[in-house]
Amino acid sequence: MGVWGVFCSRSCPAGCNIWPRLTVRVSGPDLRESVPYPLEFFTSKPTISSHQTAAKIFINNEWHDSVSGKVFSTYNPATGEKICDVQEADKADVDKAVQAARLAFSLGSVWRKMDASERGRLLLKLANLVERDSAYLATLESLDTGKPFLSSFFVDLQGTIKTFRYFAGWADKIHGSTIPTDGEYFTLTRHEPIGVCGQIVPWNFPLVMTAWKLGPALSCGNTVVLKPAEQTPLTCLYIGALIKEAGFPPGVVNILPGYGPTAGAAIASHMGIDKVAFTGSTEVGKLIQEAAGKSNLKRVTLELGGKNPNIIFADADFELAVEQAHQGVFFNSGQCCTAGSRIFAEEPIYEEFVRRSVERAQRRTVGNPFDPTTEQGPQVSAEQQSRVLELIQSGITEGAKLECGGNAPPSKGFFVEPTVFSDVQDHMRIAKEEIFGPVQQIMKFKTIEEVIERANNTEYGLAAAVFTTDLNKAMNVSAALQAGTVWINCYNALSCQCPFGGFKMSGNGRELGEIGLKEYTEVKTITMKMSGKKS
Amino acid sequence: ALHCDHATMAQNGTIENGLARNTSPLPQPVKIPEIKHTKIFINNEWHTSIKGKKFPTINPATGVKICDVEEADKADVDEAVRAARAAGQRGSEWRQMDASSRGRLLHRLADLLERERAVLATLESMDTGKPFLHAFFVDLDGSIKTLRYYAGWTDKIHGKTMPVDENFVCFTKHEPVGVCGAIIPWNFPLLMFMWKIAPALACGNTVVIKPAEQTPLTALHTGALIKEAGFPPGVVNIVPGFGPTAGAAIGSHMNIDKVAFTGSTEVGQLIKAAAAKSNLKRVTLELGGKNPCIVFADSDLQSAVEETQKGAFFNQGQACTAASRVYVEEAVYDEFLRLSVERAKNIAIGDPLEPRTSHGPQINQHQFDKILELVASGKKEGATLECGGCAVEDRGLFIHPTIFSDVKDHMRIAKEEIFGPVQCIMKFKTQEEVIDRANGTQYGLTAAVFTRDIHRAMSVSAALEAGTVWVNCYNALHAQAPFGGYKMSGNGRELGEYALAEYTEVKAITLKLSERLTL
């Protein structure tokens, strides 16, 4: 996923996907002029030694050591080297954070009494601070996740800044309504904050996911206890420093680096947390919802896995479809819940589509995230790397045709070659399971009815895409697909203005857009008895 | 909010870093040795008038000319409209800009207003005569907040999709109307400027705006800031000039798609007629008011006295929301009157740049004369003059805060908009009676009710014919809440989400499909 739309509209007047352009641009001779920061910035390896103090637990606008005294390490997946140690939050730390968040949310607190427009100002200030430090944050993000620096800078940072700005604007526009009730009554609604929101974010887009969670929660006036992924806690902790600098009152945002089974579980089952939002795997999503049910029926929003179909009709703009389908699956080393990992190509163009897709995948540059020509970095961890390789192996065993890639290149980091399978059948594991790696499955289809049925035949329903120049096909297929987002002739065109979330087992609820506010408010109906009917 | 006591002002909008700010020193007016921007602003450039004419702008507190300003007339308006059309044409930078980028530009303009806050407040005070602290805390605060509020709307102006019958897909787009003419008054020059341009720009329109000839300076200064913020040339054009020339040219221009006017009901009628006669341009009007305040015996009387009086005298009574008809329930009438008079006598009249001053001069001789003429009519028609009623000796355009009691509904002072510091106090007996009397006017801008009784508050606010009803408060205006008039107080609404509807055309796009959607 990648807030591509954001980037496209910024730098490409035609509104097309940026990736091919960017590839051309950064490998061209005019690099220094065409990117807004110096080349040496990302060619020498940065260190974060000066921010060692940030690698702590952030509660009440202060930095804390873990109650247990435990620490864990975070690694650079491009080299396998340790970056630094981080204080490890567990249940006791979550308790402390919830206490702080509850206090910050208590009736009459600075935060609760603040004008809605002032909450907007604080979020705007936060956006400005992220923008100020965006080069540093992009570096840190690349170091911790392995994603290419340029991608961090243009996609993740832009998406983060825009999300904060967008929700800053909503703060004083969250309207209740007045309702013409029957009888001698007058009714109005207030959209009030829910309370303390627990938020658990993944490692594939640490900063963007932090913004997707904090933006609407703070805009609506909630307080937050947020756990970044243990693989990638650094940028999220840095946001803690900016939260304080922006002037959010103590306790409004608390950040607890730690593990799922400990800190994450403590959040999901906490009796003092009113709502939990989780982005991650479907498997863990189920655990979260269950824990919410067993504890205090906290509200739950989930943004989970996907096995997203991408349907290419013979009448499509072929070049565009090949490139978008390629980017749709390989972006962020395939580590996206939106990854377009099931490509259905119509029979007449199937052979050519496979040939061109393989050619494109073979051209994909894999390497050092700080090399500006790099399109693909490593997988986030050794564990993820071996999981991806295992699924590739299953594809070969089950009889799919390995067209290219399939191996881990000899390197210190956790890299996987861009991999393309053709002749994939719907029953194979690679066609059913979320791979979360740079692996493209290409299938053949003959009719619209057939492809719709096959595309929908999955427990997931996050995103889907259709490539066609036929208006009827575009509208009919997009209406028939069971997915929270359907892209027509584009892929990963996410923007903070549009709702995002899953049908079926890809999630509950929606993030972003106006509808994202709904997940962070309780509606209160106030009905007043009137003396006489008022028209 | 247009609250004018300093305690409220100091709280308003100054909560920073999530914590109430410690008492900070009062802002000070700045020395302005030379007025920088006195020309016509078109295409982000400064122009002299085509006819070569200029007009003076006067400091009403001293009667001294501040400077000469280039006078726009029809030919200059034509130039401005050409620039605005070009800036808003298909494929232009402005039309192709992301909605969120328009929001960023509006935020940047708000930042620049914050930077220039003291300068603009000083200029506003000099040009209008309003107390500097009012300009700083009310006008500037309101202007900045209005910009920020609409900055947030730009990428949230949603169309809809409709489940239409049969094989169709239907969706709406909310598109900008085009070139918007705006004509604004002299009582809140900068604030009205923002009320007009902020929603217009948020929706992606271009603007030709005429500030009042009495008070062009803050608008022109803002022109420079609009350029600095980075708005493309032609998006905002500012044409200082007079109503019958530049204003009329806007009202009847064939290439202006919408006109928004704030001013008198009389001129509002001319604008609407001109719009109809020319090209049926869309019209929004924010006009006069003769706003009733109803004070029940069960209200917090002290608070009612203060709120109604601030409502009547704020900005020297020069507000379309002025609380000029106060209906007081019989049982508390005498006490209310006594407290009101006592309070009015303590109002600090003086140099607007002095921090202690809360009451400045009227805007000009014409207004001054009109007010005193209405005061004379009140005396003649039999109302009791309780205090004030005359000019401050040797001080040019200053008028003492004036209170009339025993005012009857048929008197001119009870019917006509005075636009001066004159409070008319009437007596009433029953709720039914007072509602009828409050509504017995051609106007319907604002109204207020003072009571502790929840039923009464709800019944009376439902019954009043006014675009805004305040309960136990007055002039509590906010960027988030719609504002505008019933009846002859106006057409349409400004501020809030509602204002966006006035600056957009809705386009329904319907696609025919070869077969029914599989929904």
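Small disclaimer: the values here were computed from a predicted structure and weren't measured. Note: hydrogens, waters and symmetry copies are ignored here, and every other heavy atom, side chains too, is used. Protein chains get the first letters and strands the later ones, always in sequence-line order, with residue 1 at the start of each.
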- Sidechain-backbone polar pair: N60(A) side chain, E62(A) backbone, donor-acceptor under 3.5 Å: no
- Message: Surrounding CD1 of I526(A) (heavy atoms of other residues, nucleotides or ligands, distance under 6.0 Å), is the total greater than 12?
- Response: yes
- Message: Among residues at least two apart in sequence or on other chains, which ones pass ring-ring contact (aromatic ring centres under 6.0 Å, His included) with F445(A)?
- Response: F313(A)
- Item | Heavy-atom proximity to chain B below 4.5 Å, by part of R119(A) | neither
- Item | No-hydrogen, no-angle side-chain donor-acceptor test under 3.5 Å, E432(B) and T430(B) | no
- Could you tell me whether R132(A) atom CZ has more than 12 heavy atoms of other residues or ligands within 6.0 Å of it? yes
- Query: Using a heavy-atom distance cut-off of less than 4.5 Å, which residues of residues 150-157 of chain B contact chain A?
  - Reply: G152(B), W153(B), D155(B), K156(B)
- Counting heavy-atom pairs under 4.5 Å to chain B, which of Q497(A), H175(A), K529(A), R121(A) comes out on top? R121(A)
- Answer yes or no: is there a side-chain heavy-atom contact under 4.5 Å between Y520(A) and V224(A)? no
- Taking 4.0 angstrom as the limit, do D111(B) and R148(B) come out as a salt bridge? yes
- Interface moiety of R104(B) toward chain A, non-hydrogen atoms closer than 4.5 Å: side chain
